[in-house]
Amino acid sequence: MDLLRFLEHPSFLLFRRFSHANIDRSLNRRRKLLKQSHWWKNYSPESTSTVKWTTLSHHGVIFPPPYSPHKIPIIYEGNPIILKPHQEEAATLWASVIGTQWETKETFRKNFERSFLETLGKRHKIKSLDKCDFSQIVEYLEKEKENKKNRTAEEKRAEKEEKLALYKKKGYAVVDGVKEKILNFVVEPPGLFRGRGDHPKAGLIKRRIMPEDVTINIGEDSKIPKCPVRGHKWGNIVHNHTVTWLAYYKDPILPNSFKYVWLAATSKMKGLNDMLKYEKARKLKEFIDKARESYWSKIKSRILLDRQLGSALYLIDKLALRVGNEKSNEEADTVGCCSLRVEHIKFEEDNKITLDFLAKDCMRYYNTIQIDPEVYKNLQDFTKNKDLDDDLFDLIRSNTLNDYLKSLMEGLSSKVFRTFNASIRLQEQLAIFNEKNLQLEDKMQFFIKANKEVALLCNHQKTVPKNFDNQLERINSQITKKKSKIENLENHAKELRKKKRLAKSENVKKRITTNIKNTKKMIEKVKDDIEKLETRIEMKEDTKNIALETSKINYIDPRIVVSWCKKNKVPLDKVYSKSLKEKFKWAMNTEPDWVF
DNA sequence: CTAGGAACTTAGTAGTAGTAAA
DNA sequence: TTTACTACTACTAAGTTCCTAG
């Protein structure tokens, strides 16, 4: 039953044994809350219009604490040098990177050095990073870390409380009367830019953001938040109803982009968009036959441009590739479908191709796959008379492809194919499952395997944890222990049987028989444990470099997951963390027989 | 018609807090 | 009680998409 109706139902009221006044107050409160939070029950098309909010109030953004100098010198050619605070801050940022992978990265080092020397000024005696000895600062940082680790429980509690209080005070916005969490209400602190892969700007000092850098978006009737840094003021105040951001500031590294302050995933603004994303993917389900027919006719077209369009979409559909926009040379050299170059594709026997390129986040996409001969031939054609660094699809770009998609279905774009195929893939994999009597662990194992298929499709990877081998080793030693335990138990059983044979009284025999039975039971249990540990190892090994969460968060329609869990009596907590359950609260009431 | 701006989604990793094992 | 893992969350980088100005 609808929760609201239930709350109003006489049996509920009776059950609570509230006084009437209390009931009224409580109901009103709840009704208000329900009306506010159950947006998915009665969302209307206009909620997706260009007006994103009517009233909006919040507390602006807050800033990381100012730098407090430690006055520890760096040693330069044998001389200790105490730097000015802002210079010392830069030096300390570098010190915090020493011993990590970043320290030895060529670009990172070069860029930091340039940034650092600039901070010091031309006439400073420090001329080279290589000659700087940061070890005293490193030592200091280590001590600080140690101190932090050794805080008393009381201190930790106080800190936690303080954090919570800040969150309560500043961490939410009120949008059209609904209180919503903010995703990132603290601006990014200064740091060294950790661009991924071979990013040309990695290592640059990311400067401190000041209130003057920040534009606040807030309702006309709302109180303008007080600037939290004394002596400073907000850069700008706007009242833009057509956007969802609460504030933005210029990206301190990339001159043409911004950092935005948004509501959390639990908010209506984000949740509704998320739901609509999946609805769009479901709409593609209706159009997919038509779309595939269309790109197949293009693949066979005599017009080169069409052959490129058709073949590109074929790859996007079949391999769930990203569309691949062009990138400037201020960014790492990564590609997607439309930006593939000749060097990224190899033609093998039997209509197989190998794609080998760096994708988003410099994750390597490496896949050998058999494709249809028509596409194989097309792709081969596209590489003719080209250099290795020429575009494979030289006549099209992401927008060409997206324009074409618009002609197939309203609102269709390339990324919808990824969502569509990922969700479909999970649903298909889960549909294979029909053994209802499995243990929960086995069900979970099955789910993880299905999830893994999606992650593989989308090429979602993660680095293998540092001490992964140790972890396996530990489980293995547990198995060894349990195996020797079984041996002992078996010996014990053997002896019991011997005793039973020699026993005279019936009573003793009976007692020994129960003992034997119990021992056997124990053996079974330990064997079961071993089996569980073994599958745990297997699963761990199997997914050690695969990121399962990414697809769960971004690509898999949560309704597929919820319905499967309900149908198979798997508690949702097994699949979704607390925050994911909140993010997907709009999908929590999905019926067991729901289909994507 | 194209380049780049603006806004929003998707992505992996670092660090932390809570929990299990020793 | 300490140590070691594990499971999350916080963080922020890196994509896509759509739009507008020239």
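Residue numbers begin at 1 in each chain, while the letters A, B, ... track the order of the sequences.
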Open item on the list: Taking atom NZ as the centre, does Lys160(A) end up with more than 12 heavy-atom neighbours from other residues, nucleotides or ligands that are less than 6.0 angstrom away?
Closed with: no
Open item on the list: Please confirm whether the shortest side-chain N or O distance from His199(A) to OP1 or OP2 of dA14(C) is below 4.0 Å.
Closed with: yes
TODO: Please round to 10 degrees the angle between the axis of the first five pairs and the axis of the last five pairs in the helix from dC1(B)-dG22(C) to dA22(B)-dT1(C).
DONE: 0°
Task: Any side-chain donor near an acceptor of the partner, His241(A) and Glu220(A), under 3.5 Å - done: yes
Task: Ser398(A) vs dT16(C): side-chain N/O to OP1/OP2 distance below 4.0 Å - done: no
- [ ] Take Glu326(A) and Ser551(A), find for each the nucleotide of DNA chain B with the closest heavy atom, and name the residue whose nucleotide sits nearer the 5' end.
- [x] Glu326(A)
- [ ] For Asn325(A), answer base if it contacts any base atom (sugar-phosphate contacts may also be present), sugar-phosphate if it contacts only those atoms, and nothing otherwise; contact means non-hydrogen atoms under 4.0 Å.
- [x] base
Open item on the list: Under a 3.5 Å threshold, yes or no: a donor from one side chain and an acceptor from the other, between Tyr404(A) and Ser294(A)?
Closed with: yes
Task: Any Lys206(A) side-chain nitrogen or oxygen under 4.0 Å from OP1 or OP2 of dA13(C) - done: yes
TODO: Give Trp262(A) one of three labels, base, sugar-phosphate or nothing, depending on what nucleic acid heavy atoms sit under 4.0 Å from its own.
DONE: base
Open item on the list: dT9(C), OP1 or OP2 - any side-chain N/O from Ser577(A) closer than 4.0 Å?
Closed with: yes
Task: Opening and closing nucleotides of DNA chain B in contact with chain A, under 4.0 Å to non-hydrogen atoms - done: dA3(B) to dA22(B)
Open item on the list: For Phe258(A) and Tyr248(A), take the angle between the two ring planes, folded into 0 to 90°, and tell me which bin it lands in: parallel under 30, tilted 30 to 60, perpendicular over 60.
Closed with: perpendicular
